Amino acid sequence: MPMVQPPCKVLVSGANGYIAIWVVRALLEKGLYGDKHEVVIVEDITKEGAFDETVKGVDAIEHTASPFHMNADDPDELINPAVNGTVGILKSALKYGQSVKRIAVTSSDAAILSDIPTPSTFSELDWNEQCLEIVREKGREAPNMMKYRASKTLAEKAAWKFWNEHKAKASWDLSVLNPPFVFGPAIHSLTSPSSLNTSAGFFYNYVALPNSSGPSNELLASTGTCWIDVRDLANAHVLSLEKEGAGGERIIVSAGLWKWQHFIDAANAISPPPKLATGSLPKSNPGAGTGHPSTVHVLYYDTTKAARILGLKYHTIAETTKDTLADYEAKGW
């Protein structure tokens, strides 16, 4: 039996963002959660009681609001809103969300992986303690990616700690999704490519701009980890509400491996080619994403849990690339 059954009301936090607006669309398109869309403005998600009013009368919560950028000086610029926003919405649900049955949180593979020089497979049993040690030791001098990873790790740890301490009296259970890099078309309000979120911005710069904005062929052939299409992640969020087995689980959702050259090659295989304002697509070194001597995949994920519990299906690199470039073309980019 699905954990959350229609008709019901779902609160999606951060609904003006890249991932969350696709979650909203997926919920509405399924027709399982009614056909009404109400917008509520939460001025500051870190403020005590910020979600107290918004959780009242909802049946489920999809919490996606959390900062992701590479510009933080002080690690707390990322850590505080990530942790306080996540715990804050759980506190509000415990106090005022008597009708809430399930809360699904967007975490990240950043809370799971560690940088290891040899090929390694990570599962939901793994936690990223490496980033926490680096941020504790280096503070502001820590690499920006480590600051981001620390924010996601600490936020998810705090979510599970809160739930474990209060699950006996909570009306809801917790499900956490751990996606890697998220790519795909954007449907939220954007003024220009510069307003894309971090992962989507990387994609635009490397796959759509001439010469991939300047990185070497070596970098494009050797840089990449795992990924998921934003539409598949949105679908995973819907499924995480519907599937009873998702309760009490953290679930890695990943379509598989990639290097930037794979997406560049997929872009150049589109026929007819997209007409972008930037002109010709980058080519770099075709085929090098697979055959280059320095192309070694060191990061793998065990996604058997996502297959078993969610039955999740994924877009291919070719499909995501085609749809994303079509989106750029439609936007006049």
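This one's a predicted model, so the numbers in the text were calculated from it and none came from an experiment.
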Using side chain to side chain contact (heavy atoms under 4.5 Å, CB included), reason through Ile187 and Arg25 one step at a time and then give a plain yes or no. CA-CA 9 Å; Ile187 56 173; Arg25 181 166 172 171; 3.6 Å; yes

Where do [X] and [Y] come nearest, in terms of heavy atoms and distance?
| X | Y | value |
| --- | --- | --- |
| Asp265 | Gly287 | OD2-N, 2.9 Å |
| Ser13 | His63 | OG-ND1, 2.7 Å |
| Ala267 | Val207 | CB-CG1, 3.9 Å |

Using a 6.0 Å cut-off, check whether atom CD of Glu165 has over 12 heavy atoms from anything other than its own residue.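 For Glu165, atom CD is crowded (more than 12 foreign heavy atoms under 6.0 Å).
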
Atom NZ of Lys283 with >12 non-hydrogen neighbours under 6.0 angstrom: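 No, NZ of Lys283 has 12 or fewer neighbouring heavy atoms, counting only those of other groups under 6.0 Å.
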
Can the ring centroids of Phe263 and Phe203 be said to lie less than 6.0 angstrom from one another? yes

Aromatic ring centroids of Phe202 and Trp227 under 6.0 Å?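 Judged by ring-centre distance (under 6.0 Å), Phe202 and Trp227 do not meet the cut-off.
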
Would you confirm whether [X], through its side chain, and [Y], through its main-chain N or O, come within 3.5 Å as a donor-acceptor pair?
| X | Y | result |
| --- | --- | --- |
| Gln130 | Asp115 | yes |
| Glu319 | Thr316 | yes |
| Asp327 | Ala186 | yes |
| Arg102 | Glu244 | yes |
| Asn268 | Pro282 | yes |
| Trp258 | Cys226 | yes |
| Lys275 | Gly332 | no |
| Ser114 | Ile116 | no |
| Asn128 | Leu113 | yes |
| Ser284 | Gln261 | no |

Partner of Phe183 under ring pair (Phe, Tyr, Trp, His ring centres under 6.0 Å), picked from Trp260, Tyr206, Tyr314, Tyr18, is Trp260

Any side-chain heavy atom of [X] within less than 4.5 Å of one from [Y]?
| X | Y | value |
| --- | --- | --- |
| Tyr328 | Lys331 | no |
| Val55 | Leu11 | yes |
| His237 | Thr106 | yes |
| Trp333 | Leu276 | no |
| Val230 | Ile19 | yes |
| Glu62 | Leu241 | yes |
| Asn205 | Ser212 | no |
| Phe122 | Asp109 | no |

Tell me, with the steps shown, if Asp323 and Arg231 meet salt bridge (charged side-chain N to carboxylate O under 4.0 Å, His left out). CA-CA 11 Å; Asp323 293 347; Arg231 296 164 292 186; 2.8 Å; yes

When Tyr301 is tested against each of Ile112, Thr121, Asp126 for side-chain contact (heavy atoms from CB on, under 4.5 Å), which residue passes?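 Considering Ile112, Thr121, Asp126, a side-chain contact (heavy atoms from CB on, under 4.5 Å) with Tyr301 is found only for Ile112.
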
Look up atom [atom1] in [X] and atom [atom2] in [Y], then write down how far apart they are to the nearest 0.5 Å.
| X | Y | atom1 | atom2 | value |
| --- | --- | --- | --- | --- |
| Leu239 | Leu310 | CG | CG | 5.5 Å |
| Ser192 | Tyr204 | OG | OH | 8.5 Å |
| Asp229 | Lys313 | CG | NZ | 15.5 Å |
| Met146 | Ser151 | CE | OG | 12.5 Å |
| Arg308 | Thr303 | CZ | OG1 | 11.5 Å |
| Lys147 | Leu78 | NZ | CG | 8.0 Å |

Would you sort out whether Ile79 and Asp74 count as a side chain to side chain contact (heavy atoms under 4.5 Å, CB included), showing the intermediate values? CA-CA 9 Å; Ile79 293 171; Asp74 187 334; over 6 Å; no

Would you say [X] and [Y] are hydrophobically clustered, going by side-chain heavy atoms of ILVMFWY under 4.5 Å?
| X | Y | value |
| --- | --- | --- |
| Val23 | Ile252 | no |
| Leu209 | Phe181 | yes |
| Leu219 | Leu281 | yes |
| Ile21 | Leu177 | yes |
| Ile317 | Tyr300 | no |

Distance-only check: which donor-acceptor pairs under 3.5 Å involve side-chain atoms of residues 93-100, not counting sequence neighbours?
from  : atom 1 : to    : atom 2 : distance (Å)
Gln98 : NE2    : Lys95 : O      : 3.0
Ser99 : OG     : Val58 : N      : 3.4
Ser99 : OG     : Val58 : O      : 2.6

With sequence neighbours excluded, what pairs up with Glu53 under the salt bridge (charged side-chain N to carboxylate O under 4.0 Å, His left out) test? Lys56

State whether a side-chain donor-acceptor pair under 3.5 Å links [X] with [Y].
| X | Y | answer |
| --- | --- | --- |
| Asn178 | Ser108 | no |
| Glu156 | Trp160 | yes |
| Glu249 | Ser175 | no |
| His315 | Thr320 | no |
| Thr86 | Asn84 | no |

What residues form a side chain to side chain contact (heavy atoms under 4.5 Å, CB included) with Leu132, not counting sequence neighbours?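 Expected list: Glu129, Arg136, Ala150, Thr153, Leu154, Lys157.
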
Please assess Ser213 against Asn211 for the test side-chain hydrogen bond (donor to acceptor under 3.5 Å, both in side chains), listing each intermediate value before the final yes or no. CA-CA 5 Å; Ser213 302; Asn211 299 317; over 6 Å; no

Decide side chain to side chain contact (heavy atoms under 4.5 Å, CB included) for Ile61 and Ile89; before the verdict, give the C-alpha distance in whole Å, the side-chain angles of both, and the deciding distance to 0.1 Å. CA-CA 9 Å; Ile61 298 171; Ile89 203 168; 3.7 Å; yes

Are Lys9 and Asp59 close enough, and set up right, to give a salt bridge (charged side-chain N to carboxylate O under 4.0 Å, His left out), and what steps lead you there? CA-CA 5 Å; Lys9 187 175 184 179; Asp59 300 287; over 6 Å; no

